Protein chains: 2
Amino acid sequence: MSQTVGELSPRAREIVDAARALLESEGEDALTMRRLADRLGMRAPSLYKHFPDKETLEAAIIAEGFEESAERFEAAVAADRRRPLRALAAAYRTFALEHPHLYRLMTEQPLRRDLLPPGVEERAAAPLVAAAGSVNRARAVWAFAHGMTILELNDRFPRAADLEKAWREGIRMFERLRS
Amino acid sequence: MSQTVGELSPRAREIVDAARALLESEGEDALTMRRLADRLGMRAPSLYKHFPDKETLEAAIIAEGFEESAERFEAAVAADRRRPLRALAAAYRTFALEHPHLYRLMTEQPLRRDLLPPGVEERAAAPLVAAAGSVNRARAVWAFAHGMTILELNDRFPRAADLEKAWREGIRMFERLRS
DNA sequence: GTCTATAGTGGGATAGAC
DNA sequence: GTCTATCCCACTATAGAC
């Protein structure tokens with residue numbers, strides 16, 4: 001079910017793993033070629049023997065993120081076939097809150113699709129398109145989910161806000177439209 | 001109806017204006033103290049006689065953004081009392097697309113409320129809270145609108161996507177819930 | 001309120017030896 | 001595939017003279 005990201009040499013794999021760990025623990029600003037090299041016990045210039053530039057390395061992390069979130073979404077729908085939108089929303093939020101920095105890297109910038117293995121984005125999107133019933137409705141649901149998520153990550157809701165309730169308000173609506 | 005941001009000296013006003021112009025024309029990365037000083041025909045260190053740090057200067061720009069968007073939202077609701085949510089959504093998107101870099105500055109990071117004149121955020125939010133009927137519903141609508149907006153700005157929808165349609169799908173739902 | 005000078009910190013990336 | 005040395009870039013901010 002799981003699938004490896006492209007064809008990476010063993011050393012390149014280690015570098016991606018370390019890069020992701022650094023990103024997830026300290027955020028995007030901490031992901032520099034120097035700090036990454038430090039973690040790997042090597043010098044920054046050596047990294048360029050494995051990746052042509054930083055963007056390509058980031059794309060490898062992003063591809064992993066898409067593959068893992070796709071698995072989550074597929075499992076969520078499989079586990080609750082009665083209310084796929086609700087299940088997807090919960091899985092979406094959970095993934096983002098568990099991997100906030102990865103989620104930001106995946107969503108807060110234009111996607112370099114040319115640097116990704118083909119199909120990874122589509123696979124992650126497929127369960128939602130199926131559950132929403134149309135592409136436009138899927139876009140609206142995605143926008144709602146991303147908005148809730150990124151505003152929460154950016155600390156834009158009041159501390160006392162009942163976000164579960166706001167999520168439920170939104171999902172309930174989208175569910176009604178289906179019937 | 002319009003209101004000035006805090007009490008700024010004339011020179012400080014000029015600096016904020018230039019900073020905003022620089023931000024809007026070239027984006028957040030271009031808004032550096034050096035480039036700002038260049039535009040004003042002065043040296044970067046001189047800016048610190050007017051603002052204690054960059055964050056405070058940015059907060060002045062953000063406050064302006066809130067005031068201007070509040071005016072837009074109030075006018076939109078006044079112009080279409082039958083469908084306030086639809087009017088607000090259109091005004092929201094228009095403001096963001098007209099001022100993409102300002103919109104990013106206003107939404108993509110935690111808000112330094114301690115650096116803003118009191119009430120500016122609330123005033124901008126008020127029309128939506130009134131139109132949505134409840135705070136939680138307002139949060140859901142905001143999340144949808146912000147999601148649509150920022151995903152568009154981040155170029156995450158396919159070129160061919162009919163975003164008008166996706167917006168309509170979302171708004172239609174939220175309108176139905178009211179009745 | 002402006003300047004010069006500068007501190008201090010960091011970044012991505014390349015050349016060329018081994 | 002790793003290294004050293006280095007380039008060139010950028011930033012926020014402060015001290016102190018005028």
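Basis for what follows: all heavy atoms, side chains included, without hydrogens, waters or symmetry-related copies. Model, not experiment: these values are computed from the prediction. Convention: sequence-line order gives letters A, B, ...; per-chain numbering from 1.
- One interatomic measurement links the two molecules: CZ of A:R11 to C1' of D:dG1, which rounds to 9 Å at whole-angstrom precision.
- Within the structure, every pair that satisfies the ring-ring contact (aromatic ring centres under 6.0 Å, His included) test and touches residues 100-132 of chain B, not counting sequence neighbours, is listed here: B:Y92-B:Y103, B:Y103-B:H146.
- Atom CZ in A:R35 sits roughly 11 Å away from atom P in C:dG12 (whole-Å rounding).
- For B:S25 (side chain) and B:A21 (main-chain N/O), a donor-acceptor pair under 3.5 Å exists by modelled atom type.
- Residues B:S134 and A:E169 come closest through the heavy atom pair OG-OE2, 4.3 Å.
- In this structure, A:S46 reaches the D:dC3 phosphate: one of its side-chain N or O atoms is under 4.0 Å from OP1 or OP2.
- For B:L57 and D:dC11, the CG to C1' distance is 15 Å, given to the nearest whole Å.
- Look at CG on A:D29: it is 14 Å from C1' on D:dA10, rounded to the nearest Å.
- Nearest to the side-chain atoms of A:R34 among the listed nucleotides D:dT4, C:dG12, D:dT2 stands C:dG12.
- Comparing D:dT2, D:dA13, C:dT14 by their closest approach to the side chain of B:K54 singles out D:dA13.
- Under the salt bridge (charged side-chain N to carboxylate O under 4.0 Å, His left out) test applied with B:R20, the options B:E64, B:E14, B:E28, B:E58 reduce to a single match, B:E64.
- The separation between B:H50 atom NE2 and C:dC3 atom C1' is 12 Å, rounded to whole Å.
- Sequence order on DNA chain C of the closest nucleotides to A:K49 and A:A30 puts A:A30 first from the 5' end.
- Heavy atoms of A:T32 sit under 4.0 angstrom from primed sugar atoms or phosphate atoms, though from no base atom.
- Taking atom CG of residue A:L36 and atom P of nucleotide C:dG12, one finds them 10 Å apart after rounding to whole Å.
- Per the geometry, CG belonging to A:L31 stands 10 Å off P belonging to C:dG11, to the nearest Å.
- Residue A:L40 contributes atom CG, which lies 9 Å from atom P of D:dT2 at whole-angstrom precision.
- Residue A:Y48 has its side chain nearest to C:dT14 when only D:dT4, D:dT12, C:dT14 are considered.
- Nearest nucleotide to the side chain of B:M33, out of C:dG1, D:dT2, D:dT12: D:dT12.
- A 6.0 Å sphere centred on NZ of A:K165 holds no more than 12 heavy atoms belonging to other residues, nucleotides or ligands.
- For B:P45, whose side chain is taken as the heavy atoms from C-beta onward, the closest listed nucleotide among C:dT2, C:dT4, D:dC3 is C:dT4.
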